[in-house]
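Below: one structure, written as structure tokens.
Source: prediction; values computed, not measured. Just follow the structure's listing: the first ligand is 1, and inside any ligand the first atom is 1. Just the heavy atoms: all of them, side chains too, but no hydrogens, waters or symmetry mates, feed the values below.
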Amino acid sequence: MDLQLDIQTHKLPPQQMKKRRILIVEDEKPIRDMVYFALDSDGYEIVEAVNGKEAVEQLAQESPSLILMDWMLPDVSGLELVRRIKRDEITSHIPIIMLTAKTEERDKIEGLDSGADDYITKPFSVRELSARIRAVMRRIDGEEGNNKLTYGKLILDLDAHHVIIENDQIEVGPTEFLLLEFFMTHSDKVYSRAQLLDFVWGRSKFVEERTVDVHILRLRKLLKPYNCQNMVQTVRGYGYRFVIEK
Ligand code: CA
């Protein structure tokens, strides 16, 4: 491995940082604005649609992580749109929270029957909305639990090969990924560089011990914007340890 070249390529291009996207389908601007205000500060990317037609167009472009769906839309009922989204193979996995002014139990049941994951009754507070969304996101992350590792505020997606921190999707290099996977499953213990080489790189490869330091450095840079760089601790004279910061 060319160490020099290795060091020079450590910077992540900004386009590799991806926020989780939420689509709000709602014709009332004050509600869209309130949702935008609430979720933008939670670190989500918000995409808006003011009717069913726009929602369908948005969905054709890129799948969001979650949809907030108004019940009463000008061109189509939110309920009908939910049914369509859940029927479509490409969009059926996307969780949907219905926004409804209807408070009758019967309507709520109808909403959930149509495939909505949750509902929230208008008027709702910013805090309530945030909490509902977090719960749904946790559920999604939990369902795919076998393919995800969680440690502190880090979520490592073993299928997609990225890290999620504070709702940002961060692409990581293959070695940083393996290193992080090892650390997240072997936390609180000190490992020497030689041990890390054995575990992460494999015993068969000859890699210099200082290569470990290069990748540790990269890993810290990746964690730094989230104030998590101190999770990777240097234990002087021995090696490294991965901990949840106190
Ligand atoms: Ca409406």
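Using a 4.5 Å heavy-atom cutoff, the side chains of V47 and E62 are not in contact. Contact annotation: the side chain of L180 never approaches that of L149 to less than 4.5 Å [non-hydrogen atoms, C-beta and beyond]. A 4.5 Å side-chain heavy-atom check between I67 and L59 finds at least one atom pair inside the cut-off.
Every residue two or more places apart in sequence or in another chain was checked for a ring pair (Phe, Tyr, Trp, His ring centres under 6.0 Å) with H93, and none qualifies. Looking at residues two or more places apart in sequence or on another chain, you find a salt bridge (charged side-chain N to carboxylate O under 4.0 Å, His left out) between D118 and R132. Scanning for ring pair (Phe, Tyr, Trp, His ring centres under 6.0 Å) contacts around F242 gives Y151, F183, with sequence neighbours left out.
Here the protein contributes D27 OD1, D70 OD2, M72 O as N, O or S atoms under 3.0 Å from the Ca ion (ligand 1).
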